[in-house]
Amino acid sequence: MSMFSTGILVLTSPLHTLPLRIAPVLSSAAQVVERTLYVHLHPGLNLGAGGGQPRPVFIQPVVDLSSLITGLYSNAAYVCGHLDVRVLLTNVRAQPNNASSPETGGTGVACNPFPSPQPLSHSPEVVLTDFAPQDPGQSPLVAQCLQKYTGHCYVCTPGLASVLLHPQLQKLEEEVEEGQKDDWDSRSERMETYSDVVVGGTFDRLHGAHKTLLNISCLLANKRFLIGVCDQELLKKKVLRELIEPYALRVQRLQEFLQDVKPSLQYEFVPLSEPFGPSVIDAQLQCIVVSEETRRGGEAVNKKRLENGVPGLVLHEIQLLKDAHHTEMEEEKISSSSLRSRLLGTLLTDPKQNKSHLPLVPYVIGLTGGSGSGKSSIAQQLEALGAVRIDSDQLGHETYRPGEVAYNRVLEEFGSDLINEDKTINRRALGRKVFGNKERLKALTDIVWPEIALLVKERIQQAREEGKQVCVVDAAVLLEAGWTDIVHEVWVAVIPEEEAVSRIMVRDGVSQEDAVRRLQSQLPNTQQVEQANVVLCTLWEPEITQKQVRKAWDLLQKRIQQSREGAKPPS
């Protein structure tokens, strides 16, 4: 079966039977769609009836629908984790606009939630459904009906394909009575909804737990949805905070997701540098959505609101989603910190910048990281796996040898009083001359760094002549010196600042102040990660680092193989 980038799954099974069908239906959909899967809910929709074309209608938010959404995202994380699943709620509304207008026929319920097809951030190329035709001959009619129905709801690509899914469904405990197929919410309690709803979170790399929180908040909200997004101080204690996406990008992805899910709401995004933000002063807010672990935070919000003279909020609690793929080192729930840890050793950004001037053999990794980051131990592990290690710090010592170009230029620039009795340069005395003086330090690095780069290139050429496949340039100043043009990829080792300070103090026998000062003189982790293709972290036990390095090495071998196959002339 052909694969499509984006699709819409129209679920027609009655609400109380859908939980049994979710996993097999999503599994079948994942065989057809490879990137984004939108889910449109219309329980009881009959795509096989003769006569008129079925039209979208408003459906009421009910408690069972909230559970269904949770189940959808939970199952999606398990059976099709590669898909960006989004449950659409445009046709779910407690009080549709113009409910009393003549268009409603006096029923109090608007007939069509889609006065015009709704654009989505990714145009669907295929529509799928769990509706099962009564006989094979009915399939073409159902497919045609499905295409027309979807075209009434959403803007799709021309030539929208349709697929009827026939998964092996579990035996249902009860069959749907014929008279209840359309009265889909008759057995479920109506959900209380609110004009203004608020949530808060980091929302790094939207995952199933985020989407559950956001979808249920959209179910609860009739008018405005306020989202507080953690930033600045609130990120400092996060695991692998260097890998947290920038605030602007996180908000952009939230906007895109929410605009797809329920475009009728008014969305407001607020950066949070402290835990409460406007939630403790905004008198219009009525409800805050929390999880089991953030309920105390919601209670703290209400305490602050009462202190500020505004009414408390209804606390709507949702379930945590379990992570079926978590390891012993990770949380049992789906969490951003676990997902960030899984990024370690993987390719974060494609190294397809202009590297055509570099031969593919040897493939050169530039490994950098701040003091105490464990960079050198990672380089040693890569060397044990077969890479040629090029230690730029050691090469830096060579540039100061008598007779070298840098030796003479340093003495000319900084004075002959730096010469030791054995004619070598007193590097400690040189350090005192440049310490705290940016201009003098730049004068020194302008002399030394180009000479080190030449030595690095010589070592790479030597490795090439020896038939070596991979080189690792171990260089603390890789980015500052601008050596990225001599490597194929940049790998960065990161460690939290407090851990780095502790390691530097133990390793070098210096004070905390000196260790902090040393770190502050280097590029911060966040700036290094911005230029990284691969990130590694030595925060945990050595065997955890070894697994990261092994994963990074194995993935590197695949990239090298693909690069070389792509460089071969066609046969």
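Excluded from the calculations below are hydrogen atoms, water molecules and symmetry mates; all remaining heavy atoms, backbone and side chain alike, are included.
To the nearest 0.5 angstrom, Glu497 atom CD is 10.0 Å from Glu242 atom CD. The structure places CD1 of Ile460 at 4.5 Å from CD1 of Ile390, a figure rounded to the nearest 0.5 Å. Put simply, OG on Ser291 and NE2 on His316 are 11.5 Å apart, with the number rounded to the nearest 0.5 Å. Taken from OG1 in Thr70 to CD in Gln319, the straight-line distance is 5.5 Å, to the nearest 0.5 Å.
Each of Thr399, Ile425, Thr424 was checked for a side-chain contact (heavy atoms from CB on, under 4.5 Å) with Tyr407, and the lone residue meeting it is Ile425. Shown are Arg340, Lys238, Arg250, Arg241; of these, the salt bridge (charged side-chain N to carboxylate O under 4.0 Å, His left out) with Asp204 is made only by Arg340. Just one of Glu299, Glu293, Glu292 meets the salt bridge (charged side-chain N to carboxylate O under 4.0 Å, His left out) condition when paired with Arg295; it is Glu299.
Side chain of Arg503 to backbone of Gly372: a donor-acceptor contact under 3.5 angstrom is found. The main-chain N or O of Leu441 is found under 3.5 Å from a side-chain atom of Thr445 such that the two form a donor-acceptor pair. In this structure, Ser335 contributes its side chain and Ser338 its backbone to a donor-acceptor pair below 3.5 Å. The main-chain N or O of Ile495 is found under 3.5 Å from a side-chain atom of Asn525 such that the two form a donor-acceptor pair. For the pair Gln548 (side chain) and Cys537 (backbone), a donor-acceptor distance under 3.5 Å is present. Under the 3.5 Å distance criterion, the side-chain polar atoms of Lys262 are matched with a main-chain donor or acceptor of Ala221. No donor-acceptor pair closer than 3.5 Å links the side chain of Thr368 to the backbone N or O of Val492. Asp231 contributes no side-chain N or O that, together with a main-chain N or O of Ser273, makes up a donor-acceptor pair within less than 3.5 Å. In this structure, Lys304 contributes its side chain and Val280 its backbone to no donor-acceptor pair below 3.5 Å. Side chain of Asp84 to main chain of Arg35: no donor-acceptor pair is present (N/O by atom type, distance under 3.5 Å, no hydrogens or angles).
Taking 4.0 Å as the cut-off between side-chain N and carboxylate O, Glu256 and Arg253 do not count as a salt-bridged pair. For Lys433 and Asp417, the salt-bridge test passes: some basic side-chain N is under 4.0 Å from an acidic carboxylate O. Using a 4.0 Å cut-off between charged side-chain N and carboxylate O, Glu451 and Arg409 make no salt bridge. Taking a cutoff of 4.0 Å between a charged side-chain nitrogen and a carboxylate oxygen, Asp554 and Lys551 do not qualify as a salt bridge. Arg440 has a carboxylate O that lies under 4.0 Å from a charged side-chain N of Glu413, or vice versa, which qualifies the two as a salt bridge.
Summarising the local packing, CD of Glu307 is surrounded by more than 12 heavy atoms from other residues, nucleotides or ligands at distances under 6.0 Å. Within a 6.0 Å radius of CD in Glu34, other residues, nucleotides and ligands contribute more than 12 heavy atoms. Heavy-atom neighbours of Lys547 NZ from other residues, nucleotides or ligands within 6.0 Å: at or below the threshold of 12.
Partners of Tyr363 under the ring pair (Phe, Tyr, Trp, His ring centres under 6.0 Å) rule, at least two apart in sequence or in another chain, are His488.
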